[in-house]
Amino acid sequence: MNIARITAQELLDSRGQPTVEATVYLDGNLKASAMVPSGASTGKLEALEMRDADPDRYHGKGVLNAVRNITETLAPALVGLDVTDQRGIDRRMIELDGTDNKSSLGANAILAVSIACLRAGALVREVPFFEYTAEAFGKPADAPFLMPIPLINVLNGGKHAIGSSDFQEYMIVPVAAPTFAETVRWAAEVFQCLKAVVRDRGWPTTVGDEGGYAPPVGSNEEPLKLIMQALDKAGYTPGVEFMIALDPAASEFYRDGKYFLQRDRIELTSAEMVDMLVDWTERYPIVSIEDGLDQDDWEGFALLKKKTQNQVQIVGDDLFVTNPERVRLGAERDAANCVLIKANQIGTITETFATINVARKHGMTTIISHRSGETELPFEADFAVGTDAGQVKIGSISRSERIAEYNELMRIERRLGERAVMANFPFARGATVRS
Ligand code: PGA
Ligand code: ZN
């Protein structure tokens with residue numbers, strides 16, 4: 001089934017900022033669309049998200065040039081290609097762009113088309129999106145599918161919630177529920193109890209960009225205490241049913257070799273930052289730390305990994321930017337044991353698959369992740385199941401663009417029936433104990 005036509009449009013993401021939507025039409029009556037998400041705490045080596053920089057429109061954030069790159073450059077080159085040849089389509093777009101970071105056509109333009117083609121391929125095959133993703137990824141047919149453990153961001157800070165913690169994300173990790181639907185129920189109950197904990201301190205219960213509460217905490221450690229209280233209130237045992245994960249997004253408060261924590265009124269060296277995080281892992285059931293150090297602080301990452309002795313998942317987000325070369329470097333330098341996977345950091349489906357494969361080859365785990373600016377398309381849900389990722393990061397249990405992902409995962413699980421297997425948390429610290 002060949003591509004007949006591709007159209008594109010400027011629409012809005014969950015923050016009300018412009019984003020790109022591409023629609024792929026096939027010979028016959030089939031069509032599929034895709035919108036791309038957008039980050040706020042972006043890594044400096046991410047593929048380029050093309051913005052118009054026209055101050056008269058959306059304060060420079062318009063994406064009409066990216067839209068034009070789809071309709072005038074990508075569309076004419078892709079028309080006539082077999083839509084199920086994902087690799088060929090992505091290769092053609094990479095060639096047309098011709099840069100290392102997709103700066104000539106924009107990763108937002110290229111990824112919108114790449115995802116729309118993947119979705120169109122599912123229509124051609126007449127299978128659900130996750131199943132076609134699995135086929136494109138090269139997963140053997142008839143194998144069971146892994147339902148991912150979600151890392152659920154219930155307290156927002158940093159760039160996603162001004163006025164709260166310096167650290168960007170405090171997540172709960174339900175490691176022991178028997179099914180994905182039960183996993184969601186447990187987490188939703190904790191989220192409601194957390195609301196009461198926040199309210200009882202006299203704080204507003206407003207939420208940040210990813211749907212977690214964003215209270216004006218007195219320190220960066222305080223959110224951990226709030227979570228422990230909420231778990232207790234909901235009747236769950238920290239360290240057994242729930243673990244905790246962090247994404248400090250440390251590049252955002254790193255300057256000239258120091259980590260500046262305004263909430264704590266301290267500045268830390270890299271080694272001191274590592275010691276603080278290690279101390280927390282000894283006092284709280286923390287199983288995963290993403291970007292605990294700056295994106296260029298390879299030594300800090302390696303020290304944190306060494307000191308937590310592979311009991312804790314050390315995740316590279318800004319560190320790896322979903323780039324296979326950076327992941328190889330990370331393995332060589334023993335800097336992390338997990339790769340956060342964000343398709344828009346690299347810009348095509350094929351390259352995203354490649355990064356997942358490089359991570360696995362080096363024995364690293366993978367988390368499929370949303371961005372802080374999301375769309376109504378629950379892409380990450382299907383993508384995580386299709387690639388057997390084992391973990392997802394899709395935000396809090398609130399706001400429709402986040403809930404859409406949880407709902408999609410629950411639908412997939414129901415549809416799969418016996419072919420769905422709940423993933424285990426792969427590090428000793430969070431080792432799954434299911435009753
Ligand atoms: P971003 O945040 O989408 O704003 O980059 C998410 C993350 O850092 O994981
Ligand atoms: Zn991150």
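Just so it is clear, the structure is predicted and the values come from calculations on it, not from any experiment.
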Step-by-step side chain to side chain donor-acceptor pair (under 3.5 Å) determination, Asn153 to Glu210 = CA-CA 7 Å; Asn153 181 9; Glu210 295 187 349; 2.8 Å; yes
Flag, side chain of [X] to backbone of [Y], donor-acceptor distance under 3.5 Å:
X	Y	result
Asp90	Thr350	yes
Asn323	Glu325	yes
Ser372	His160	no

How far apart are the C-alpha atoms of Gln168 and Ser41, what are their side-chain angles, what is the distance that settles it, and do they pass the side chain to side chain donor-acceptor pair (under 3.5 Å) test?
-> CA-CA 9 Å; Gln168 183 177 277; Ser41 61; 2.8 Å; yes
So is Arg255 actually on top of Phe260's ring, under 6.0 Å and inside 45° of the axis?
-> yes
Face-on cation placement of Arg5 at Tyr25 ring, 6.0 Å and 45° thresholds =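 Yes, cation above the ring, under 6.0 Å and within 45°.
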When you compare the side chains of [X] and [Y], does any donor N or O come within less than 3.5 Å of an acceptor on the partner?
X	Y	result
Asp297	Ser270	yes
Gln345	Asp317	yes
Arg360	Asn357	no
Arg402	His370	yes
Asp166	Asn220	yes
Ser400	Glu376	no
Gln313	Glu290	no
Asn337	Asn310	yes

Result for ring pair (Phe, Tyr, Trp, His ring centres under 6.0 Å) between Phe383 and one of Phe353, Tyr132, Phe130 points to Phe353
Step by step, work out the side chain to side chain donor-acceptor pair (under 3.5 Å) result for Glu21 and Thr7.
-> CA-CA 8 Å; Glu21 180 179 68; Thr7 61; over 6 Å; no
Between Glu222 and Ser219, is a side chain to side chain donor-acceptor pair (under 3.5 Å) present by the stated rule, with each step listed?
-> CA-CA 5 Å; Glu222 195 163 23; Ser219 72; 4.8 Å; no
Yes or no on salt bridge (Lys or Arg N to Asp or Glu O under 4.0 Å) for Lys44 and Asp318, after CA distance, side-chain angles and deciding distance?
-> CA-CA 7 Å; Lys44 66 180 185 195; Asp318 291 352; over 6 Å; no
Is [Y] paired with [X] through a side-chain N to carboxylate O contact shorter than 4.0 Å?
X	Y	answer
Glu169	Lys393	yes
Arg15	Glu401	no
Lys61	Glu10	no
Lys102	Glu351	yes

Quick one: closest heavy-atom pair of Ala120 and Val83, and the distance?
->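 Looking at all heavy atoms of both residues, the closest pair is CB-CG2, 3.9 Å.
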Closest non-hydrogen contact found for Leu26 with Ala4 is C-CB, 3.8 Å
Assess whether atom CZ of Arg57 is packed by more than 12 heavy atoms of other residues, nucleotides or ligands within 6.0 Å.
->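 Yes, because the 6.0 Å sphere around CZ of Arg57 holds more than 12 heavy atoms from other groups.
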So among Ile115, Ile89, Thr133, Val113, which one has a side-chain contact (heavy atoms from CB on, under 4.5 Å) with Ile349?
->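 Only match with Ile349 under side-chain contact (heavy atoms from CB on, under 4.5 Å): Ile115.
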Do any side-chain atoms of residues 137-146 form donor-acceptor pairs under 3.5 angstrom with protein atoms, and if so which ones, sequence neighbours left out?
| from | atom 1 | to | atom 2 | distance (Å) |
| --- | --- | --- | --- | --- |
| Lys139 | NZ | Pro144 | O | 2.7 |
| Lys139 | NZ | Asp388 | OD1 | 3.3 |
| Lys139 | NZ | Asp388 | OD2 | 2.6 |

